[in-house]
Amino acid sequence: MLLSPSSVPVHILASALHVAPASDPPYKLLESHPSLLLLSKCKSIHGFKQIHSHIVKTGLHNTLFALSKLIEFCATSPFGDLPYALLLFESIPEPNVFIWNTIIRGHSLSSNPILAVDFYVRMLLCGTQQNSYTFPFVLKSCAKAGAIHEGKQIHAHVLKLGLECDAFVHTSLINMYAQNGELDDARLVFDKSAFRDAVSFTALITGYASRGYMDAARLLFDEIPVRDVVSWNAMIAGYAQCFRFEEALAFFEEMRKMKVPPNESTMLTVLSACAQSGSVELGNWVHSWIEDHYELGSNLRLVNALIDMSSKCGDLETARRLFDGIHQRDVISWNVMIGGYTHMSFYKEALALFQLMLGSDTEPNDVTLLGVLPACAHLGVLDLGKWIHAYIDKNFENMTNGSLSTSIIDMYAKCGNIEAAEQVFDGLNPKSLASWNAMISGLAMHGHADKAIRLFEQMVDAGLKPDDITFVGLLSACTHAGRLELGRQYFSSMIQDFNISPKLEHYGCMIDLLGRAGMFDEAEAFIKNMEMEPDGAIWGSLLGACRLHGRVELGEYVAEHLFELEPENPGAYVLLSNIYAGAGRWDDVARIRTRLKDKGMKKVPGCTSIEVDSVVHEFLVGGKLHPLGKDIYKMLDEIDKLLEMAGFVPDTSEVLYDMDEEWKEGALSHHSEKLAIAFGLISTKPGATIRIVKNLRVCGNCHSATKLISKIFNREIIARDRNRFHHFKNGSCSCKDYW
DNA sequence: TTAGGGTTAG
């Protein structure tokens, strides 16, 4: 074969021409150069700089090979620095294909992968021929950037060069299409090729799985000639992604039966599936398996996944023990622990841990706040919520995380500041479906039915498609405002116009509406026509309606359903005994009381919290533990006196047990919300709004009293009970006494 | 002559 001039190594030519070599000394000398060996083990930018300066001192940087290695480190190492790689790159007059590939690869790993395509084009314009390495890098960039149009053009280049048979290029093409939902194109590439290994199968499987086509994925999986652990992992992850956790975990079992050794990814995927599905037993088994097979102290990812799994499966102690045992926590360690507390409704613990995090050297990120904001919302701690909102505005300026804004809206609404929620919502552009839903539900719980309905109409006008959650908000707006007709209208519109089948929550709203309107026959018909079994909430709202309308017999019937459905819930017993008490049937009250006692259940004690100067104070019914107890009770006496002077007569019919009138009144005056209000009155400035959060529904007596208190003391009192908000102002309540 | 494809904790 004749040698063409271009195939003769440049340094040989150079020596033949007796000029200084324009290119590198022999590869073997360079490859084993101590500085470059050091570079391959380098784990920090500091170490890189030392090696770099040594390379410059020895003159090695004049070789293209050493420059390639320096660029490679900067562009692709996790300890690298892409801008610096580009600086080095631009200093090279004629980069070779390896260097071009490395720069493209660097961008494919960066947060702005589309730039890789720019360099790919530049490379072609410079006359550098792509090779089989170029395509996996640039196609990965297209896949990540969603640049299907560019990807298709590059696909044409692949065909032109005849590289579609290269296993790496082949899989990269499939992956590029599959990751962007172009399943037909992915399939076409896959089917056309004779070279199908487990990797290309898995790329396609992942594409199908990500769009929910698990059955297609399964067919492909069964066809893989030699399955490897990643194929199994992809199937497990696919089922988990489609919320088909049982099948995901069954696949894991199958994999074990087939004696396929799981790897770390398998464990991470399975732990995540256990966490999401709350599979305690399997989770524990995986935990001990991991303890046996891994050195946990050196694998933060696994520990974090274990914390997540343990906490979501309800074992917060194990989760916390693991968390406390970590030497160097990363942001995910904090996030899973905080999120775990929130997930299990341990809101105070979530906030306490968040405070600890703020004092640590780990900065919270958006996921942290997504764990913390719901905790603020549930506890109704407005001051902390506001602080977090300001923190987000300050630190996440360029981040338009839709779910964060939705969480902020939800937090403000649940903390009683509906105006702030509206302000955040109005400032959102674009507005996600979730944010519309949060705003509609927020307005609903504050009793602003008209506003909620207007918003719903705006949303439909804007071309958004409401979902089932939108209608829960809308129907609950009707519920809280007693708008029966409107509720009926939206209920049927949901089914007919929007093709959404009603869920338990929608039925719950309707039955609540009908029950409170006293339309028991229609409510019962509604229950009979449901496609699913009614749950405790539905029977519960009907029972509440029975109490409201004094329907003793129906109440007894409904309560039996509840006793059966939720034997551990004392609420039904309390409601039924209230119905008896309302009818003066004290023997029956006593009977229910005994039944409750025999079952070892206690009425959930009323508890009200109030945040003053960012400190949360909690009051239990009749509680006397607060350090300012004396002052609070002094204030209570004054409140009672003023109420009496204003002509207030306590309604004692709602007290659970048959006691003499004076005792009853005493118990009423010590209801937790009254204690909290008294504390609010003595510990905040005159005229300041008082915000309280109660764990149960406010009783009729406290409701009437609070209305008067708002007038006597000239205070706006915003109260959240178990069900909704009451804005007390100048002697009346926003709920118009309908709740 | 250096490198490359699929899964993977919040």
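Computed from heavy atoms alone, side chains included, the values below leave out hydrogens, waters and symmetry copies. In what follows, chains are A, B, ... by sequence order, proteins preceding strands, each numbered from 1.
- Residue side chain A:S172 does not reach the base of B:dG5 through any donor-acceptor N/O pair under 3.5 Å, judged by distance alone.
- Between the side chain of A:D308 and the base of B:dA9 there is no donor-acceptor pair of N/O atoms closer than 3.5 Å.
- Among residues two or more places apart in sequence or in another chain, the side chain to side chain donor-acceptor pair (under 3.5 Å) test is passed with A:H107 by none.
- For the 3.5 Å distance criterion, the side chains of A:N304 and A:N335 fail to qualify, holding no donor opposite an acceptor.
- Aromatic ring orientation, A:H378 versus A:Y347: parallel (interplanar angle below 30°, classes split at 30° and 60°).
- Stacking is not found between A:F168 and the pyrimidine-like six-membered ring of the B:dG5 base under the 5.5 Å centre-distance and 30° plane-angle cut-offs.
- No engagement by A:E264 is indicated, since no non-hydrogen atom pair under 4.0 Å with the nucleic acid exists.
- Within 4.0 Å of A:N299, counting heavy atoms only, lies no atom of the nucleic acid at all.
- A:N365 contributes a side-chain N or O that forms a donor-acceptor pair with the base of B:dG10 under 3.5 Å.
- Out of B:dG6, B:dG4, B:dA9, the shortest distance to the side chain of A:D166 is found at B:dG4.
- Ring geometry, A:F73 versus A:F48: the interplanar angle falls under 30°, so the pair is classed parallel (tilted spans 30 to 60°).
- In terms of polar N and O atoms assigned as donor or acceptor, the side chain of A:D228 comes within less than 3.5 Å of the base of B:dG6 in a complementary pairing.
- No hydrogens or angles were tested; on distance alone, nothing pairs the side chain of A:D197 with the base of B:dG6 as donor and acceptor under 3.5 Å.
- Between the side chains of A:E72 and A:S68, not a single donor N or O lies within less than 3.5 Å of an accepting N or O.
- A:N175 comes within contact range of the sugar-phosphate backbone alone, with a heavy-atom separation under 4.0 Å but no base atom that close.
- A:S333 comes within 4.0 angstrom of no nucleic acid atom, judged by non-hydrogen atoms across all strands.
- Once rounded to the nearest 0.5 Å, the distance linking OH of A:Y239 with CZ of A:F251 reads 5.0 Å.
- Not a single donor-acceptor pair, N or O on each side, falls under 3.5 Å between the base of B:dG4 and the side chain of A:T134.
- Sorted by residue number, the members of residues 232-252 of chain A with any non-hydrogen atom under 4.0 Å from DNA chain B read A:N233, A:A237.
- Side-chain atoms of A:V169 and A:S172, non-hydrogen and from C-beta on, never get closer than 4.5 Å to each other.
- Among the atoms of the strands shown, base atoms are found under 4.0 Å from some heavy atom of A:I332.
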